[in-house]
Novice: 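Got a structure here, written out as structure tokens. Questions coming.
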Amino acid sequence: MLDLKFVRENPEVVRRAMEQKGESGDLDGLLVRDKERRDLLKEVEELKQIRNRVSKEIGRAGADSEASQQKKNEMRKISTSIKDLDDKLRRLDAEMELRLLSLPNIPDQVVPRGKDESDNIELRSWGEKPRFMHNVLAHWDIGSNLGVIDFPRAGKIAGSRFVVYFGAGARLERALISFMLDLHTTEHGYREVFPPFLVNEASMTGTGQLPKFAEDAFKIEGTDLYLVPTAEVPVTNLHRDEILEADQLPICYAAYTACFRAEAGAHGRDTRGLIRQHQFNKVELVKFVRPEESDQELEKLTRDAEKVLQLLKLPYRVMLMCSGDLGFAPAKKYDLEVWLPAADTYREISSCSNFTDFQARRAGIRYRPAAGKKTQFVHTLNGSGLAVGRTVAAILENYQQEDGSVIIPEVLRPYFNGQEKITEY
RNA sequence: GGAGAGAUGGCUGAGCUGGUCGAAGGCGCUCGCCUGGAAAGCGAGUAGAUGGGGCAAAACCCUGUCUCGAGGGUUCGAAUCCCUCUCUCUCCGCCA
């Protein structure tokens with residue numbers, strides 16, 4: 001959420017941000033209501049001032065005195081007017097809230113203007129793409145041939161865009177979760193968190209999934225609960241409506257959760273394989289930082305995520321998102337894209353974002369810069385470290401062997417009792 | 001699921017026979033005194049949000065309004081009375 005005062009004073013900046021991001025929003029409707037609300041507010045506050053003053057006079061004079069009786073009669077009228085005006089204000093507030101929550105964050109200065117992903121900028125790449133003498137298989141074929149991935153049975157018990165892992169496949173998924181959490185908590189200084197997989201509406205609103213993107217989420221019928229689309233939601237909301245101490249910052253969390261996405265607008269895209277699932281695992285990194293440090297914290301966060309790919313020896317590149325591909329809430333975003341040999345392309349495996357104070361304002365996450373000073377909104381950041389399903393896909397494809405087996409990356413072998421290879425069951 | 005108790009400032013905890021209560025006391029924190037330095041002790045200050053004014057502006061000062069879990073109601077006036085909801089705790093039942 002943007003600061004209402006900022007929107008009021010810089011409407012053209014907001015309008016430009018919406019254009020560049022390709023987001024719609026009722027900015028004019030917001031401004032009209034803001035003006036109306038401010039006028040009404042002035043009026044009602046004056047009436048309340050009178051009421052407060054006179055009520056105190058009645059209290060001092062004694063409620064039964066003749067003068068008080070007369071004052072009471074006058075105040076009855078004023079109270080009725082106040083009630084009417086308050087009702088109008090409540091309506092305006094609700095209408096403004098909805099519009100304000102639907103305005104996107106302002107892109108950072110360094111974000112390139114662009115229309116879609118073709119305008120993203122490659123900042124750097126790492127690793128050597130593997131060369132194969134044999135026919136390169138897609139990860140779904142590799143996994144199915146080995147008997148470690150089963151899409152037909154997942155379809156039977158749940159539906160399309162679900163997967164069942166067996167044996168070494170299941171173990172690989174589990175190993176990756178442990179490996180990533182171990183790395184981030186012991187080497188990179190994150191604190192491990194294990195949050196609920198269901199969250200309420202206030203949490204979804206706090207991080208920006210609601211009200212605008214309701215159709216992307218799974219809602220539990222008959223309740224106020226949503227399946228988390230990412231650990232970003234529960235973890236960022238851990239500190240909702242809190243005032244943090246300056247010496248606590250930065251707060252860095254690493255959390256594993258399953259993630260659930262309706263993929264409403266994705267019919268026909270990535271229908272095969274592990275790339276786009278209704279349920280997938282992810283280790284997420286979340287930071288709460290001082291505003292002046294969020295730029296450098298985003299760089300650190302991105303390097304922390306990159307480290308996972310480096311240790312797994314998976315080739316990747318780092319992309320700076322252009323305005324059109326940035327999304328609603330981030331001010332700046334890097335995507336890590338891993339090399340998938342079968343598709344002969346890079347695919348997003350991590351998304352690292354600086355939300356500046358956009359989420360913090362929605363969720364009421366503040367800190368006190370110094371004792372006795374006024375509170376300020378923190379900056380929040382998060383990034384995947386990494387998406388586990390897509391990592392499995394990348395390992396299967398990059399480490400495939402001519403005989404159909406798959407080499408287990410060295411750093412994962414401790415999680416496999418030293419086993420070096422996944423072979424047919 | 002049944003019965004009961006509760007939700008107050010950064011924390012703890014009074015107030016809850018409606019008015020002088022944005023709210024005692026304690027802890028914590030900040031500043032000052034004391035000290036070679038620290039502890040202890042003493043003194044002062046210390047909730048959040050938002051609007052207006054002083055000001056070029058920040059700091060700061062003056063001032064209005066709102067907030068005692070959330071929302072509604074009664075009343076001239078609500079932390080205090082009534083209703084609804086949410087959450088927490090205790091006991092019983094059930095359960096991984």
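Letters A, B, ... mirror the listed sequences (proteins, then strands); counts begin at 1. All figures in this text were calculated on a predicted structure; none of them were measured in a lab.
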Novice: Using Watson-Crick or G-U wobble geometry with both distances under 3.5 Å, which nucleotide pairs with rG71(B)?
Specialist: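 For rG71(B), the partner nucleotide comes out as rC83(B), under the 3.5 Å rule.
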Novice: Under 3.5 Å, is there a donor on one side chain and an acceptor on the other for N145(A) and E424(A)?
Specialist: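 Distance-only check fails for N145(A) and E424(A).
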Novice: Of the nucleotides rA49(B), rU65(B), rU20(B), which one has an atom closest to the side chain of Q49(A)?
Specialist: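 So the nucleotide nearest the side chain must be rU65(B).
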Novice: State which residue, out of R37(A), K42(A), K35(A), fulfils the salt bridge (charged side-chain N to carboxylate O under 4.0 Å, His left out) condition with D39(A).
Specialist: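 Result for salt bridge (charged side-chain N to carboxylate O under 4.0 Å, His left out) with D39(A): K35(A).
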Novice: Which nucleotide in the set rG51(B), rG19(B), rG10(B) lies at the smallest distance from any side-chain heavy atom of S55(A)?
Specialist: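 For S55(A), the side-chain atoms sit closest to rG19(B).
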Novice: K5(A) has a side chain; which of rG19(B), rG51(B), rG10(B) sits nearest to it?
Specialist: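 For K5(A), the side-chain atoms sit closest to rG51(B).
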Novice: Taking 4.0 Å as the cut-off, does a side-chain nitrogen or oxygen of S79(A) come that near to OP1 or OP2 on rU75(B)?
Specialist: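 No, because none of the side-chain N or O atoms of S79(A) sits under 4.0 Å from OP1 or OP2 of rU75(B).
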Novice: Under 6.0 Å from the ring centre and within 45 degrees of the ring axis: does the NZ or CZ of R261(A) meet both conditions for the six-membered ring of F218(A)?
Specialist: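 Judged by the rule, R261(A) and F218(A) form no cation-pi pair.
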Novice: Side chain of I58(A) only, heavy atoms from C-beta on: which candidate in rG64(B), rU74(B), rC76(B) is closest?
Specialist: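 Output: rC76(B).
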Novice: 5'-most contact on RNA chain B: R76(A) or K48(A), nearest heavy atom basis?
Specialist: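 The residue mapped nearer the 5' terminus is K48(A).
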Novice: Both distances below 3.5 Å, Watson-Crick or wobble geometry, any strand: find the nucleotide opposite rA3(B).
Specialist: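 The answer is rU90(B), by the H-bond criterion.
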Novice: State the pairing partner of rC60(B); accept Watson-Crick or G-U wobble contacts with both distances under 3.5 Å, and report none otherwise.
Specialist: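 Pairing partner, where one exists within any strand: rG54(B).
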Novice: Describe the nucleic acid contact of R90(A) in one word from base, sugar-phosphate, nothing, applying a heavy-atom distance below 4.0 Å.
Specialist: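 Result for R90(A) = sugar-phosphate.
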Novice: Is there a Watson-Crick or G-U wobble partner for rU65(B) with both distances under 3.5 Å, and which nucleotide is it?
Specialist: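 Here rU65(B) is engaged in a pair, and the nucleotide opposite it is rA49(B).
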Novice: Return the nucleotide paired to rG36(B): Watson-Crick means purine N1 to pyrimidine N3 with N6-O4 or O6-N4, wobble means G-U with N1-O2 and O6-N3, both under 3.5 Å.
Specialist: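 By the stated definition (distances under 3.5 Å), nothing pairs with rG36(B).
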Novice: Assign N52(A) to base, sugar-phosphate, or nothing according to its heavy-atom contacts below 4.0 angstrom with the strands shown.
Specialist: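 Result for N52(A) = sugar-phosphate.
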Novice: Is the ring pair H188(A)/Y190(A) parallel, tilted or perpendicular, if the boundaries are 30 and 60 degrees?
Specialist: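 The arrangement is perpendicular - the two ring planes meet at more than 60°.
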Novice: Between the base of rG64(B) and the side chain of E45(A), is there a donor-acceptor distance below 3.5 Å?
Specialist: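 Pair found.
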Novice: rU20(B) pairs with which nucleotide, Watson-Crick or G-U wobble, both distances below 3.5 Å?
Specialist: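 Answer to the pairing question: none, since rU20(B) forms no Watson-Crick or G-U pair.
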Novice: Can you check whether R38(A) has a side-chain N or O nearer than 4.0 Å to OP1 or OP2 of rG52(B)?
Specialist: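 Yes, within the criterion.
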Novice: Within the structure shown, what part of the strands sits under 4.0 Å from S68(A) by heavy-atom distance: base, sugar-phosphate, or nothing?
Specialist: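 If one applies the 4.0 Å heavy-atom cut-off, S68(A) turns out to touch nothing in the nucleic acid.
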Novice: Less than 4.0 angstrom between a side-chain N/O of K71(A) and OP1 or OP2 of rU75(B), yes or no?
Specialist: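 No, because none of the side-chain N or O atoms of K71(A) sits under 4.0 Å from OP1 or OP2 of rU75(B).
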Novice: Any base atoms under 4.0 Å from K77(A), or only sugar-phosphate, or nothing? Heavy atoms, all strands.
Specialist: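 Nothing: the residue K77(A), judged by heavy atoms under 4.0 Å, touches no strand.
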Novice: Contact between V199(A) and L227(A) at the side-chain level, heavy atoms closer than 4.5 Å - yes or no?
Specialist: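 When only atoms from C-beta onward are counted, L227(A) and V199(A) do not touch, as no gap falls below 4.5 Å.
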Novice: Whom does rU30(B) pair with, Watson-Crick or G-U wobble, provided both distances fall under 3.5 Å?
Specialist: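 Checking every strand shown, rU30(B) finds its partner in rA44(B), with both distances under 3.5 Å.
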Novice: In the structure shown, which nucleotide is the Watson-Crick or G-U wobble counterpart of rG77(B), with both distances under 3.5 Å?
Specialist: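 Result: none.
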